[in-house]
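What follows is a short report on a single structure.
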Amino acid sequence: MKKITLVLGILFTGVFFFITSATTQAATLPKPEQEGYVQDFANVVSKDTKEELNELSKNLEIATGAQIYILTVDTLDGLDAASYGTKIVRAWGIGSKEKNNGVLILASFGDAEGDRDLHITVGQGLEGALPDAKIGRILDEYMVPNLKVGNYDAAFSSAYKLIYNIVAEEYNWDGTVDKPVKPEEEGLSPLSIIIIVILFLIIYSIFSKGGGGSGGSRGRRRRIYDYGGWGSFNSGGPGRSSGRSFGGFNGGGGSSAGGGAGRKW
């Protein structure tokens, strides 16, 4: 009786893992619709932004061999974003197989609450230049704020350019571009301007009544954050383009055994 129970238990376990594995494998991964580094299945990226990032990606691959891809989808088909990103990197062959230097910026735009996911998957060859904490900052400071207000082009363009510059510097290539602007740095809101004006009037009123002393006090200037931990972002021209076709998919790329980070938005 014990032997029968043991056999049944083993069979049950085997069937369970088979079904689980089959369900995971059955998740439908998109196939690239066209040659290019921006695969926008959710149709949220403008034509101009696609063209700009495709050109930058081609130049980066020519100069360094590294590849950065963007993928937008409507659903992750039941997978978590990290697993989905890893499967895409492997299936599409993103990055060099020898150097494992591919990066995938993934975003899902599901309608269901909590079904909007972000994940940046980094190949092991670039994990030193793009550790998880740095990727998390890119998501928190650039992608999530822009996505939440519908600035999809800014979300993908800013995250892409930050990563692009870091990869370019990792390979000592001078093709970096101007650093993107943080969402909160784009300008003051009308409410902020009103508050500043009111504060100025209050301070002026106090000092005009003789409470300010001679010349007033000089406030310390705030230091501008210099992105030292991200690598510098110097302006520079793109690398030379050749007649070679880039952005293709041959399944021979990196294994994405590195890191990455994700967020809900």
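These numbers come from the heavy atoms of this one structure, side chains and all, not from hydrogens, waters or symmetry mates.
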For the residue pair [X] and [Y], what are the closest heavy atoms and their distance?
| X | Y | answer |
| --- | --- | --- |
| Ala168 | Thr176 | CB-CG2, 3.9 Å |
| Ala155 | Met143 | O-CG, 3.6 Å |
| Phe156 | Val44 | CE1-CG2, 4.1 Å |
| Ile88 | Pro30 | CD1-CD, 3.9 Å |
| Glu52 | Ser157 | OE1-OG, 4.3 Å |
| Ala261 | Asp132 | CB-O, 3.8 Å |

As an exercise, state the distance from [atom1] of [X] to [atom2] of [Y], rounded to the nearest 0.5 Å.
| X | Y | atom1 | atom2 | answer |
| --- | --- | --- | --- | --- |
| Tyr142 | Lys179 | OH | NZ | 6.5 Å |
| Leu106 | Leu76 | CG | CG | 6.0 Å |
| Asn59 | Asn54 | CG | CG | 11.0 Å |
| Leu139 | Ile105 | CG | CD1 | 9.0 Å |
| Arg90 | Thr121 | CZ | OG1 | 10.5 Å |
| Gln67 | Leu104 | CD | CG | 11.0 Å |

Are the side chain of [X] and the backbone N or O of [Y] linked by a donor-acceptor pair below 3.5 Å?
| X | Y | result |
| --- | --- | --- |
| Asp77 | Thr28 | yes |
| Ser158 | Ala154 | yes |
| Ser205 | Leu201 | no |

Validation row: [X], [Y] side chains within 4.5 angstrom (heavy atoms):
| X | Y | result |
| --- | --- | --- |
| Asn151 | Pro183 | no |
| Tyr37 | Leu56 | no |
| Trp173 | Leu60 | yes |
| Leu71 | Phe41 | yes |
| Ser108 | Thr75 | no |

_With Tyr160 via ring pair (Phe, Tyr, Trp, His ring centres under 6.0 Å) - residues at least two apart_ =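 With neighbours one apart ignored, the set is Tyr164.
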*Can you name the ring pair (Phe, Tyr, Trp, His ring centres under 6.0 Å) partners of Tyr152, sequence neighbours left out?*
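With sequence neighbours excluded, Tyr152 shows a ring pair (Phe, Tyr, Trp, His ring centres under 6.0 Å) to Phe109, given in chain and number order.
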Contacts of type side chain to side chain contact (heavy atoms under 4.5 Å, CB included), residue [X], not counting sequence neighbours:
| X | value |
| --- | --- |
| Ile202 | Ile198, Ile206 |
| Lys148 | Val144 |
| Pro131 | Lys134 |
| Asp48 | Ser46, Glu51 |

*Describe, in one word, how the ring planes of Tyr69 and Trp92 are oriented to each other, choosing from parallel (under 30°), tilted (30 to 60°) and perpendicular (over 60°).*
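Plane angle over 60°, so perpendicular.
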Test of understanding: with side-chain hydrogen bond (donor to acceptor under 3.5 Å, both in side chains), list the residues that count as partners of [X], not counting sequence neighbours.
| X | answer |
| --- | --- |
| Tyr171 | Asn101 |
| Asp40 | Lys50, Thr72 |
| Asp74 | none |

*Does a salt bridge link Lys58 with Glu61, judged by any charged N lying under 4.0 Å from a carboxylate O?*
no
Residues in salt bridge (Lys or Arg N to Asp or Glu O under 4.0 Å) contact with [X], at least two apart in sequence or another chain:
| X | value |
| --- | --- |
| Asp153 | none |
| Asp140 | Arg263 |
| Glu170 | none |

